[in-house]
Amino acid sequence: MQPVRHPLRSERIWGLLLASPALFIIGVFSLLPTLASFLIGFTDWDLLGAPKWVGLDNYTSLLADPVFPKVVANTLLFVVLYLVLDLVLALALALALNQKLRGLGFFRTAYFLPVVTSMVAVSIVWEWIFDPRGGALNEVLRWFGGEPVHWLSDPATALPALVVMSVWKSLGTNVVLFLAGLQALPGEVLESAEVDGATGWRRFWHVTLPLLGPTVLLVGILAGIRAFQTFDSVYIMTHGGPRRSTTVIVYWLFQNAFTYFKLGKASALAYMLFAVLAGLTWVQWTLRKRWVHQEQDT
Amino acid sequence: MFRTGWAIRRVAGDGCYHGLAMPRPARSRALLALTSLMAAVLVACAPAHSTALRFSTWGSLDEIATLRPILEAFTRKEGVPVELIHIPDEYAHKLRLMVVGGTVPDVMFMSNEALPGFARKGVLADLALRLAKDGQLRERDFFPQVLDAMRWKGTLHGLPRDLSNLVVFYNKDLFDEAGVPYPKPGWTMADLQRIAPKLTVPGKRWAIGFQPNPLIWTPWVWSHGGDIVDASMTRCTLGDPAAREGLQVYLDLRHRQHVAPSDKDTGNARMTQLFATGKLAMFVYGRWAVPGYRRKIKFNWDVTTFPAGPAGSVVDTDASGWAMSARTRQPEAAWKLIRHLASRESIEAFTRSGLIVPSRPDVAYGPAFLSGSPAGSRVFLDVIAKGRPTRVPPAYDEITWELIDGLGPMWTGEESLDEALPPVIKRVDALLAEVR
Amino acid sequence: MNRALGLTTLWIGALLCAAPFLLLITTSLMTYEQAMAYPPAFWPSPLTLDNFRKAMGEGALWRWFGNSVLVAVLTVAGQILTGAMAGYAFARMSFRGRDVLFFIVLMTMMVPVQVNLVPLFALVARLGWVDTYQALIIPDLAGAFGIFLFRQWFMGLPKELEDAARLDGCSPWRFFWTVALPTATPAVATLGIFQFLASWNTFMWPLVATHADHLRTLPVGLAAFRASMRETTDWPLLMAATTVAIVPAIIVFLFLQKQFMKGLMDGAVKG
């Protein structure tokens, strides 16, 4: 893509010049903080005084902190519940959308409205839905003769309630991605399967799903990365409670940083999260590359 | 990826100067113009270094509605505009971020729990001299205990608006119905244990509310002679016999005597709602509930002292008031604002809303506080003498979290006192040891 | 999939997606008494606009709205400008360290925002930007996603175009500004809507960076508004304020849907 014919000498300068505003902003407000965060993780710092170098203390004390395993468990539970619900529902809706029907655009738009709405606004609406007295969810339960549930103030239901809301919020994204994946499937294979008499469930299970496998995995990893970073809803709806049952890693990080003012500990925690997410991203990139290339080869 | 769907007309000759490009630069220029316009708006909107005093506070919308006219009166009187910074949530933490960012308000509303954290960092001005020299306001205008709560290591850092303490709200109708005489100031925990079963109708109505919140259960510990941390704030003392007994007595109300509702009984209704709807005969709470109760409650109700334990009836005397930034550029105006807020007229206005126990005896013993329900409002004042401020170690926030989480299973009955307490004590000890 | 079953699934899905929005709007049109009545009413009667009137007055909602618009518009403009310039440079020009720099830019896309939160606040505090618009805008004036998007686009630009321009003595800057950039409208639209929604909805950073009422963006203002009624929640009033916060994002989305979906897929699946 580089010009072959008499490259202008000025191009070297022009290139840097054009890139420099973005590089400057990213360098100062993104790259620099990322590096600083790593260093802060080895200090004891309360934002007001000078940071004190403490080596690996933050990491060792994090591992020894009795809250840490609980936070990790909460986070993993959140991510797993979220992934299962989200992928199953999104796949079902995408399959339903993947037929020639009118109004496809309408449905896609409907599923997408929650995606473009701010998590803060959504959290407030769902707080009202989860309200034990007069909230919509308990009203529906009551029609079916159920007892009111105290969704957000019971340690057993608070986290699942947040999961349900998060799935609702982000479902549209994955429906669209799955739909794109479905539409890209080679039509001949599906048709030949039909000729062979594979219909309905059998066809989905033995033909469509294996073909869609890579997409499911890629979409799943992206959704997982998002789920790991859950914060807004916890901040608005539960403040990490009741009894820390909804204290997920980013909320705890925020608490350590801006409630307890343990910046070193918060930064150490941030880098642990970073390591996990970087790992997931790396897996995603690698897989994507491999599959995209395979597709192009065949 | 975007390779399809776009068509470029052939660039002829000097295309990049005219031809094709002609309408396009116009658009680019529009973008540029828009950007610079926005930048101009931005500059215009940035708060200039004005003479307005910056004043931060927390509080509900009703509280702000009371505050606004008081601030307007100040501006009319002194000619100094006030910029109100209302931070309803996470107040102290946000204030701390403002300290770091160098945007500390000139005047800050502050609780005695938050005060040491700021005083320790030199954020707050010393107000003792100003108060001593002030012509209008004198030290003896305030309850001494309440003024004390605004001191840190002997230095006065704020003028108090109110004090908060705990009393027992009770439903007179339910007492009449059960034929039980009303609890009188000076009554004891033994009295409570004796009358409680008579006031309880299992599954429907309970003698007393139950809140697993350290704020509410601390008086049970104190009134037995125990405490959460020792005076030097280096050790968690919840395991000491006196503290344990206090916790046990409180626990027994729920799990042995069954005179306090369980979580299942209350559902999600706040304890304060249960009282307001006549399902609790008694309820330990603070003055801030009064405005709502005046509006909502249909039955006869009153307040009395917290029941006395072996060590007496000991509740907290916490306070909040106005502090001044040590770095304010307008110390004189800031002091004038604090003086205006702490004046008799202002405190009276706050008091009339029913929300606070005023910091000033001249208001407290007047109609602004004493008239209206509850009839026994004097109880709030009578307990001041024996009250004590909450101890606030540096890791106060995290310790409070720890107490709520760690003791949670104990209050629900999933764990016994012996099971729940040791890990919590260990954890609080560790947090106390982390002194910076 | 069976057609009838498929349609039923779609309708149930659409209904579940829409239900909270319906609830939001009906509640915002109720009186407080009506919303608090038990069992609750579903349809507002009498219908009232009082909540909207009150919300606009009480919570400084307009100010927050204006802040959100200002921040969104400026960061969108900034991201497009810096992203297009850098994307073009990375795609079409050779300069020292180009590939390393682009790799670093891509890497920053991988870093979760929470990692940068603490040092970014410390930096902004050091700059004296706490409680200023700068804090909300300047760190967001460029982003890896935008650069990536524009690079993809400009890599597809026919080389002959460039060569022809060069023969005519057109400077790279001129060429970028008058030829290359105007072709990139789809990328501009995609980045525009992504950044608009990201900016409109972002919460954690403005929560940390601003504290004064008049600098709050809508999400932060809304959260504060909600917190100021912790004891007794006026749901209809709160729902009215929430509606105001939601509507602009939905309108922008409805207009630029196609670009958004496309960007979503390019970012996620290909790239």
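Naming convention: chains lettered A, B, ... in sequence-line order (proteins, then strands); numbering from 1 in each chain.
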Original post:
Is there a donor-acceptor contact under 3.5 Å from the side chain of A:Trp128 to the main chain of C:Leu238?
Top reply: no
**OP:** Please look at C:Val247 and chain A and tell me whether the side chain, the backbone, both or neither of the residue comes under 4.5 angstrom of a heavy atom of that chain.
**Re:** neither
Subject >> Which portion of C:Ile104 sits near chain A, non-hydrogen atoms under 4.5 angstrom >> reply: side chain
Original post:
Are C:Trp200 and A:Ser118 linked by a side-chain donor-acceptor pair shorter than 3.5 Å?
Top reply: no
Original post:
At a heavy-atom separation under 4.5 Å, does C:Ala245 approach chain A through its side chain, its backbone, both, or neither?
Top reply: neither
Subject >> A:Phe112 and C:Phe253 aromatic ring geometry - parallel, tilted or perpendicular at 30°/60° bounds >> reply: parallel
**OP:** With a 4.5 angstrom heavy-atom cut-off, could you sort out which part of C:Leu254 is near chain A: side chain, backbone, both or neither?
**Re:** side chain
Subject >> Check: C:Asn201 side chain, A:Val116 main-chain N or O, donor-acceptor pair, under 3.5 Å >> reply: yes
Subject >> Region of A:Leu47 that comes under 4.5 Å of a non-hydrogen atom in chain C >> reply: side chain
Original post:
Using non-hydrogen atoms only, which part of C:Leu218 is less than 4.5 Å away from chain A: side chain, backbone, both, or neither?
Top reply: neither
Original post:
When the ring planes of C:Trp173 and A:Trp14 are compared, do they come out parallel, tilted or perpendicular, using 30° and 60° as the limits?
Top reply: parallel
**OP:** Measure distances from C:Leu123 to the heavy atoms of chain A and classify the residue's part below 4.5 Å as side chain, backbone, both or neither.
**Re:** side chain
Original post:
C:Gln114 versus A:Leu269: any side-chain heavy-atom pair under 4.5 Å?
Top reply: no
**OP:** Give the minimum heavy-atom separation between C:Ala144 and A:Ile26, together with the two atoms involved.
**Re:** N-CD1, 3.9 Å
Original post:
Which region of C:Met110, side chain (C-beta onward) or backbone (N, CA, C, O), has a non-hydrogen atom less than 4.5 Å from a non-hydrogen atom of chain A, or is it both or neither?
Top reply: both
Original post:
Is the distance between the ring centroids of C:Trp11 and A:Phe106 under 6.0 Å?
Top reply: yes
Subject >> Per-residue contact mode, C:Leu197 against chain A (heavy atom under 4.5 angstrom) >> reply: side chain
**OP:** Taking the side chain as every heavy atom from C-beta outward, state whether A:Tyr235 and C:Leu207 have any atom pair closer than 4.5 Å.
**Re:** yes
**OP:** Can you see which heavy atom on A:Ile124 is nearest to which on C:Trp235, and at what distance?
**Re:** O-CZ3, 3.6 Å
Original post:
Quick one: what part of C:Thr27 sits under 4.5 Å from any heavy atom of chain A, side chain, backbone, both or neither?
Top reply: side chain
Original post:
Is it the backbone or the side chain of A:Ser37 that comes under 4.5 Å from a heavy atom of chain C, or both, or neither?
Top reply: both
Original post:
What part of C:Val111 lies closer than 4.5 angstrom to a heavy atom of chain A: side chain, backbone, both or neither?
Top reply: both
**OP:** Give the minimum heavy-atom separation between C:Leu106 and A:Trp285, together with the two atoms involved.
**Re:** O-CH2, 4.2 Å
**OP:** Determine, using ring centers only, whether A:Phe254 and C:Trp205 are less than 6.0 Å apart.
**Re:** no
Original post:
Heavy-atom distance under 4.5 Å to chain C: side chain of A:Phe274, backbone, both or neither?
Top reply: both
**OP:** Decide yes or no for C:Met204 and A:Val250: does some side-chain heavy atom of the first lie under 4.5 Å from some side-chain heavy atom of the second?
**Re:** yes
Original post:
Is the side chain of A:Tyr111 donor-acceptor paired with the backbone N or O of C:Leu10 at a distance under 3.5 Å, no angle test?
Top reply: yes
